[in-house]
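Worth knowing before you read on, the calculation uses all heavy atoms, side chains too, and leaves out hydrogens, waters and symmetry mates. As the structure is a computational prediction, the values presented were derived from the model and not from experiment.
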Amino acid sequence: EYKKPMGVDIDLETGVIPGAKKLVRRLSDLKGYFQDEEAYAELLKENPVVYEVYAVEQEAKDGDLNFATTVLHPGKVGKEFFFTKGHYHSKADRAEIYYGIKGRGGMLLQTPEGRAEWIEMRPGTVVYVPPYWAHRTVNTGDEPFVFLAVYPADAGHDYGSIAEKGFSKLVVEENGEVRVVDNPKWKE
Ligand code: 6PG
Ligand code: NI
């Protein structure tokens with residue numbers, strides 16, 4: 001039996017996909033992810049929403065596609081800009097496409113060996129995430145950073161290694177500028 005095709009309209013102001021499954025990540029869900037533990041503890045009193053995901057997902061089968069928007073709120077923990085957890089795909093060779101809709105930010109990508117790349121994103125930017133690269137988005141602006149992701153339905157999310165070791169680079173604000181710097185805690 002054929003599946004039914006569909007079209008949905010993303011709200012380009014808010015990033016909401018009507019009818020999608022909503023996931024909310026608050027600061028408390030990101031324990032251990034940020035460098036500055038004091039700043040983390042302080043902001044945890046408010047426990048702000050860091051990002052929301054609106055996902056339209058299919059059964060995890062080879063050949064099918066999922067899509068999701070992410071609304072990544074502006075903010076910092078110490079000098080570090082708010083970011084998504086970041087992950088490899090469980091099927092590590094599954095690639096992904098991102099498309100910038102609103103706001104300013106970028107993507108940190110990393111190989112399993114710790115080679116990192118930073119790609120700036122603004123409305124209209126397409127980012128190709130090749131197979132095997134971990135990926136995390138970062139909001140470097142002062143409004144919500146909204147983007148669409150399209151990924152194989154069987155890709156899955158593997159959060160373990162990033163949760164433990166983080167990325168080899170950090171995205172921070174220094175003297176009012178966005179800087180991508182080495183992570184002092186990074187070890188292979
Ligand atoms: C995916 C996409 C994307 C991502 C969200 C939230 O594979 O589903 O990369 O939708 O999941 O932007 O980021 P985290 O999954 O890293 O929390
Ligand atoms: Ni992904």
Side-chain angles (χ1 to χ4, degrees), residues 23-37 40 50-53 55-72 75-100 104-122 125-140 145-174 178-188:
L23 181 107
V24 179
R25 294 273 186 235
R26 290 186 174 271
L27 191 66
S28 53
D29 298 311
L30 292 162
K31 188 173 159 54
Y33 278 78
F34 291 94
Q35 295 286 307
D36 187 336
E37 286 170 23
Y40 179 85
V50 179
Y51 57 102
E52 288 128 350
V53 179
V56 177
E57 296 190 328
Q58 309 297 324
E59 249 183 280
K61 283 188 182 153
D62 180 16
D64 212 344
L65 294 172
N66 293 338
F67 61 94
T69 52
T70 300
V71 180
L72 177 52
K76 280 182 294 175
V77 176
K79 297 195 298 183
E80 252 183 307
F81 291 105
F82 277 10
F83 52 59
T84 56
K85 286 184 167 184
H87 58 270
Y88 291 93
H89 290 146
S90 307
K91 290 199 173 166
D93 67 350
R94 295 318 196 235
E96 183 163 2
I97 293 289
Y98 277 59
Y99 182 71
R104 290 284 184 284
M107 186 189 291
L108 262 183
L109 297 99
Q110 178 165 301
T111 65
E113 293 76 29
R115 193 179 121 213
E117 295 266 347
W118 168 247
I119 313 268
E120 275 183 37
M121 290 177 69
R122 51 184 179 167
T125 306
V126 178
V127 181
Y128 166 60
V129 182
Y132 303 109
W133 287 76
H135 41 289
R136 157 183 290 168
T137 43
V138 184
N139 185 341
T140 57
F145 173 37
V146 180
F147 52 85
L148 174 73
V150 182
Y151 47 103
D154 64 350
H157 301 93
D158 175 3
Y159 292 102
S161 125
I162 298 296
E164 261 172 56
K165 308 191 340 183
F167 281 74
S168 63
K169 300 276 183 187
L170 308 175
V171 185
V172 299
E173 186 171 68
E174 270 174 16
V178 178
R179 288 234 158 78
V180 181
V181 300
D182 287 337
N183 178 356
K185 289 189 185 154
W186 168 260
K187 42 188 175 309
E188 271 186 40

Please confirm whether the backbone N or O of [Y] pairs with a side-chain atom of [X], one donor and one acceptor, at under 3.5 Å?
X      : Y      : result
Tyr51  : Leu23  : no
Asp158 : Gly160 : yes
Asn139 : Gly105 : no
Tyr40  : Tyr33  : no
Ser168 : Gly114 : yes

Side chain to side chain donor-acceptor pair (under 3.5 Å) assessment of His157 paired with His89
CA-CA 5 Å; His157 301 93; His89 290 146; 5.5 Å; no

Give the table of side-chain donor-acceptor pairs shorter than 3.5 Å for residues 76-86, with sequence neighbours excluded, one pair per line with atom names and distance.
unit_1, atom_1, unit_2, atom_2, d
Lys76, NZ, Glu173, OE1, 2.5
Lys79, NZ, Glu174, OE2, 3.4
Glu80, OE1, Gln35, N, 2.8
Thr84, OG1, Thr137, N, 3.0
Thr84, OG1, Thr137, OG1, 3.2

[X] and [Y]: which non-hydrogen atoms are nearest, and at how many Å?
X      : Y      : result
Arg94  : Asp62  : NH2-OD1, 4.1 Å
Tyr88  : Pro112 : OH-CA, 3.3 Å
Ala95  : Tyr128 : CB-CE1, 4.1 Å
Met121 : Val127 : CG-CG2, 3.6 Å
Gln110 : Trp133 : N-CE3, 3.3 Å
Glu57  : Asn66  : CA-OD1, 3.2 Å

Does the side chain of [X] reach to within under 4.5 Å of the side chain of [Y], using non-hydrogen atoms?
X      : Y      : answer
Trp118 : Val138 : yes
Leu72  : Val50  : yes
Arg104 : Phe145 : no
Asn183 : Phe167 : no
Asp93  : Tyr132 : yes
Val129 : Tyr151 : no

To the nearest 0.5 Å, tell me how far [X] [atom1] sits from [Y] [atom2].
X      : Y      : atom1 : atom2 : answer
Thr140 : Arg179 : OG1   : CZ    : 13.5 Å
Leu170 : Asp36  : CG    : CG    : 11.5 Å
Glu52  : Thr70  : CD    : OG1   : 10.0 Å
His135 : Ile119 : NE2   : CD1   : 13.0 Å
Glu117 : Lys169 : CD    : NZ    : 10.0 Å

Would Glu113 and Arg115 satisfy salt bridge (Lys or Arg N to Asp or Glu O under 4.0 Å), going step by step from the backbone distance to the final call?
CA-CA 6 Å; Glu113 293 76 29; Arg115 193 179 121 213; over 6 Å; no

More than 12 heavy atoms of other residues, nucleotides or ligands under 6.0 Å from NZ of Lys61: is that the case?
no

Answer yes if the side chains of Glu120 and Thr125 hold a donor-acceptor pair under 3.5 Å, and no otherwise.
no

